Amino acid sequence: MDWFPLFNSLRIAGLSTGIIFFAGIFAAYYIAKAPRVLKGILDVVLTLPLVLPPTVVGYLLLRLLGPKRPIGAWFLAVFDLKLTMTWWSAIFATTVVIFPLMYRTARGAFESFDETLAYSAQSLGLSNTYIFWRIRMPCCRQGILAGAVLSFARALGEYGATSMIAGYTPGRTATISTTVYQLWRTNDDALALRWVLVNMAISFVVLLAVNLLERRRTGRAERGRQDVPVRGN
Amino acid sequence: MSLSVEIEKNLGSFHLRAAFEAGDETLALLGASGCGKSMTLKCIAGVERPDRGRIVVDGRTVFDSEQGIDLSPQQRRVGVVFQNYALFPNMTVLQNLRCGARREEDKKKRERAVRQVLERFGLQELTGRYPHQLSGGQQQRVALARVLVSDPQILLLDEPFSALDSHLRFRLEVEMREVIRQFGKTVLLVSHDRDEVFRMARSIAVMDNGRIHRAGPREEVFAQPGTRAGAVLTGCKNISPLERLLDGRVRAVDWGMELEVNDDGRAQYLGIRMHDIRPGGGENSFLCRVVEEIENPFSYTLMLRPLGQEDARPIGWELDKERWRQLRGEQVEISLPRASILLLED
């Protein structure tokens, strides 16, 4: 069994998760503070890829990045670089598709953050940078990590947009999901089943991780709220 | 040390307009929730910006809309203890206190200050605990220690006891008064609890709907709350609209009582505290039927209606258990002393 699709899927998912981890947090932090109208508009625009069919995302990406399209043609002319049909082309697709997942979970985490913590930290003279990295981020850590894990899982399973922009070339651009489709199409049922099992195993582990993170988060929040009986005050 | 505030801010549902001053004393802002008192506090701390006005802390202008001054909360040196204490949940008690001391640049001095405050508040045993592992009282102590180690020029306390069980409150109030006494500078206390406010502060400003209704020494504010909202907030439970009669007396519309009062001609309501009503004849006396007898742990509250006024809303009278046992009956004569009647504007 050739393990390249697994390796390729993992590196694509890993890299795109890395990108959206920072981009999602950045967007969530600033949009949570934006005025209401702007917030509403940006929210819709940034969440759109979550509800669009991946093929539509793929189509739109091809319209931008294809060798004869504005951005794609420019890269080809200036850097002699073709943006489609390479293994890393898939990163464009997965990044766009999973960004909303990260953005939304991070925003939820930031919005449930108790702003009075930031207020009192400011009054104590702590810098805003310190407050962000040492108080806000640790308090929102579980939500943000859960978002990242979920995004990673989604990136691993991305098929539609990926197959359109990176195609299926065994040993070059094949991912688990495109491989399963190809194997099924060519009637290689046994191998297809193996890849399905691999995929399910990974998804299982990922969802388990998300659940554990979620449980720890709610557990901590509840403990924080309850009134501990007074002992020898 | 001192504090001078004169700010305006549009809050959508109402307009906040607060102006007051305080010296080296505790000033309390007394108001119901949502009256703008917490917003006032946040404006002083610098985490909310007023639309207009001026805030001077200890002779230093920290906000002035005309001069374009708006210092950051970090620069203001205003210590705040929030209602929920706002301890950083991801840090231990020791780390929380170190956060308070970070303005001090010399590391040795910083550690010394933290150690001193640990000792002073008896927190040595708790240094390694996280906020969620502390009782409400311990949390409050850590919050106070943290704010004091940051060496603020004034101290703002936002409903400091509301998160605590009532049996704890009294003890922590005693501790808090001691802390305030040692602090020795301006303290602004925000609360909706009239008893707490009276015990903690010499001066009181009554706030309602974004406006300060009455400010002054606590005895004066309680004796003459001035407005209906002020009377309610200082705990007056009997309040009725009034009508002026031709003979110079007034009619308490709700209670069906005609009364002699020291009318200033401006009041639209009158009130009398439940314990200011006296038994027997005298000024403004009425024979009343007892509508309901409510037993409290240490007193009785009687709901009374003057004879022949069957549509009237009953007036409440609170008196000692012993006294009521002597007077008890279906009917009772009461007197509303002229000096105890509060004349109130809307």
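This structure is a prediction, so every number in the text was calculated from the model and none was measured. Lettering follows sequence order; numbering is per chain, from 1.
Using the six-membered ring where Trp is involved, A/W88 and A/F92 have ring planes that are perpendicular, over 60° apart on the 30 and 60° scheme. Aromatic ring pairs are classed by plane angle as parallel below 30°, tilted from 30° to 60° and perpendicular above 60°; the pair A/F110 and A/F132 is tilted. The aromatic rings of A/F79 and A/F75 sit tilted relative to each other, their planes meeting at an angle between 30° and 60°.
For residues 75-120 of chain B, there are no ring pair (Phe, Tyr, Trp, His ring centres under 6.0 Å) pairs, not counting sequence neighbours.
Proximity to chain A is limited to the side chain of B/N84, based on heavy atoms less than 4.5 angstrom apart. Residue B/R76 does not touch chain A at all, counting heavy-atom pairs closer than 4.5 Å. When heavy atoms are compared at a cutoff of 4.5 Å, B/L87 approaches chain A solely by way of its backbone atoms N, CA, C and O. Heavy atoms of B/E48 lying under 4.5 Å from chain A belong exclusively to its side chain. For a residue to count as touching a neighbouring chain, one of its non-hydrogen atoms must lie under 4.5 Å from one of that chain's; by this rule B/R146 touches chain A with backbone and side chain alike. Residue contact with chain B, scored on non-hydrogen atoms closer than 4.5 Å, involves the backbone and the side chain of A/A121 alike.
When each of B/C99, B/G100, B/S150 is scored by its heavy-atom pairs under 4.5 Å with chain A, the top score falls to B/C99.
Between A/A166 and A/T86, the closest heavy-atom pair is CB-O, 3.6 Å.
Side chains of B/Q83 and B/S162: a donor-acceptor N/O pair is present below 3.5 angstrom, by distance only.
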